[in-house]
Amino acid sequence: MGYKAELRVWRGDAGAGELADYTVEANEGEVVLDVLHRLQATQVGDLAIRWNCKAGKCGSCSMEINGRPRLACMTRMSIFPADEVLTITPMRTFPVIRDLVTDVSFNYHKARQIPSFTPDPSVKPGEFRMQQEDVNRSQEFRKCIECFLCQNTCHVIRDHPENENPFSGPRFLMRVAELEMHPADTADRRDIAQEDFGLGLCNITKCCTDVCPEHIKITDNALIPMKERVVGRKYDPLVWLGSKIGRRPRTAGTPEVPNTRSKANARPEVKGVRDADRYR
């Protein structure tokens with residue numbers, strides 16, 4: 001049976017906006033995206049929503065529903081009481097383009113900075129063998145659909161925009177960890193994880209893991225093990241002594257990261273969007 005759902009939806013652009021109230025029909029088995037599409041089709045034809053697959057695999061419909069970062073296509077209306085007002089807002093960490101659509105170009109900028117997979121050139125195709133444990137580890141990390149909900153909820157960049165240049169966020173620290181842990185990757189990524197991607201700024205609150213729609217254990221399986229590898233090199237007395245005696249220069253085993261500290265390579269701003277214009 002259907003009922004009348006009460007929605008409070010953010011309407012606005014980079015300059016200003018406000019929450020607007022609507023009453024929309026909701027039917028049994030529907031998700032939040034269904035109701036937003038009905039609102040768009042019947043009342044607010046210019047409502048901006050980003051979506052694609054409607055199957056929880058593209059990560060396009062990320063937004064905040066009652067203050068929690070979620071995928072609209074995977075959030076069933078039935079989990080909310082019928083008399084509850086649903087407050088639907090854009091992802092808070094990223095600048096608003098219009099209504100529920102945000103500018104997530106920061107994430108693509110960070111993705112381009114990560115040095116690519118670096119296999120041993122002497123190993124020919126078909127010769128390398130992996131243990132099943134290593135396969136499972138990589139498979140978990142590769143489930144990421146890049147919805148950027150973990151990036152959105154990470155308070156290191158959510159509450160501190162000044163960290164956007166030195167900190168890549170949990171999604172891309174997980175990518176660095178995936179490559180570092182891959183047995184066929186020959187690059188040593190411990191230095192760049194700490195110095196270029198800001199691993200030390202992560203304080204492992206597990207908020208990224210909590211909102212991941214693919215249930216990837218980002219903190220436990222990627223960030224904490226990566227921190228252990230970095231700390232082992234820096235603070236273990238035997239490792240420290242060995243590094244002083246015969247450690248190779250960083251360039252010998254560590255890939256170069258393109259201009260992560262350069263202001264010229266800082267995150268490009270959307271025209272007309274300033275930090276003060278962000279949705280709060």
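Since this is a predicted model, take the numbers as computed values, not measurements.
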Original post:
Considering the options D210, L71, T93, which one meets the side chain to side chain contact (heavy atoms under 4.5 Å, CB included) requirement together with L149?
Top reply: L71
Please name the pair of heavy atoms, one in [X] and one in [Y], separated by the smallest distance, quoted to 0.1 Å.
X	Y	result
C73	G56	SG-N, 3.3 Å
D134	P183	OD2-CG, 3.8 Å
F172	A111	CE2-CB, 3.5 Å
V9	L36	CG2-CD2, 4.4 Å
V35	A26	CG2-CB, 4.0 Å
T89	W10	CA-CB, 4.0 Å

**OP:** Give the ring-plane orientation class for F94 versus F106, where under 30° counts as parallel, over 60° as perpendicular and anything between as tilted.
**Re:**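 Tilted.
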Salt bridge flag under 4.0 Å for residues [X] and [Y]:
X	Y	value
E164	K110	no
R98	D13	no
R50	D99	no
E64	R92	no
E214	K57	yes

Let me confirm one number: the [atom1]-[atom2] distance from [X] to [Y], rounded to the nearest 0.5 Å.
X	Y	atom1	atom2	answer
C208	I216	SG	CD1	10.0 Å
T23	Q43	OG1	CD	7.5 Å
H155	T205	NE2	OG1	4.5 Å
N152	R158	CG	CZ	5.0 Å
M77	D34	CE	CG	9.5 Å
M226	N221	CE	CG	14.5 Å

Original post:
Which residues satisfy the side chain to side chain contact (heavy atoms under 4.5 Å, CB included) test with H160, sequence neighbours excluded?
Top reply: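 Partners of H160 by the side chain to side chain contact (heavy atoms under 4.5 Å, CB included) criterion, ordered by chain and then number, come out as E162, N163.
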If only side-chain N and O atoms count, and only distance matters, is there a donor-acceptor pair under 3.5 Å linking [Y] with [X]?
X	Y	answer
Q113	H109	yes
N136	E140	no
N66	E84	yes

Original post:
Do R137 and E178 pass the salt bridge (Lys or Arg N to Asp or Glu O under 4.0 Å) test, and can you show the C-alpha distance, the side-chain angles, and the key distance before you say yes or no?
Top reply: CA-CA 8 Å; R137 181 185 294 118; E178 175 193 344; over 6 Å; no
**OP:** Look at atom CD of E133 and say whether more than 12 heavy atoms of other residues, nucleotides or ligands are closer to it than 6.0 Å.
**Re:**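 No, not enclosed.
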Subject >> Heavy atoms from other residues, nucleotides or ligands near CZ of R68 exceed 12 (cutoff 6.0 Å) >> reply: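 Above 12, so yes.
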Original post:
Who are the salt bridge (charged side-chain N to carboxylate O under 4.0 Å, His left out) partners of D220, not counting sequence neighbours?
Top reply: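 Salt bridge (charged side-chain N to carboxylate O under 4.0 Å, His left out) check on D220 returns K206.
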**OP:** Could you please spell out the steps behind the side-chain contact (heavy atoms from CB on, under 4.5 Å) verdict for R8 and L86?
**Re:** CA-CA 6 Å; R8 184 165 293 160; L86 294 189; over 6 Å; no
**OP:** Check step by step if side-chain contact (heavy atoms from CB on, under 4.5 Å) holds for F197 and I114.
**Re:** CA-CA 9 Å; F197 297 118; I114 298 176; 4.0 Å; yes
Original post:
Same hydrophobic cluster for V211 and I204, using side-chain heavy-atom links shorter than 4.5 Å among ILVMFWY?
Top reply: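 No; tracing contacts between hydrophobic side chains, which count when under 4.5 Å, never links both residues.
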Original post:
Where do V230 and D191 land on the side-chain contact (heavy atoms from CB on, under 4.5 Å) test, with the steps shown first?
Top reply: CA-CA 7 Å; V230 171; D191 282 339; over 6 Å; no
Original post:
For the ring pair Y108 and F148, is the centre-to-centre distance below 6.0 Å?
Top reply: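 Centroid distance Y108-F148: below 6.0 Å, so yes.
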Original post:
Checking side-chain hydrogen bond (donor to acceptor under 3.5 Å, both in side chains) for the pair T209/T219: CA distance, chi angles, key distance, verdict?
Top reply: CA-CA 6 Å; T209 299; T219 309; 3.1 Å; yes
Original post:
Does the pair R70 and M63 meet the rule for a side-chain contact (heavy atoms from CB on, under 4.5 Å), with working shown?
Top reply: CA-CA 6 Å; R70 297 177 181 269; M63 57 188 68; over 6 Å; no
Original post:
Which other residues belong to the hydrophobic cluster containing M130, where Ile, Leu, Val, Met, Phe, Trp and Tyr are joined when side-chain heavy atoms lie under 4.5 Å apart, directly or via other members?
Top reply: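 Other cluster members: V123, F128, V135.
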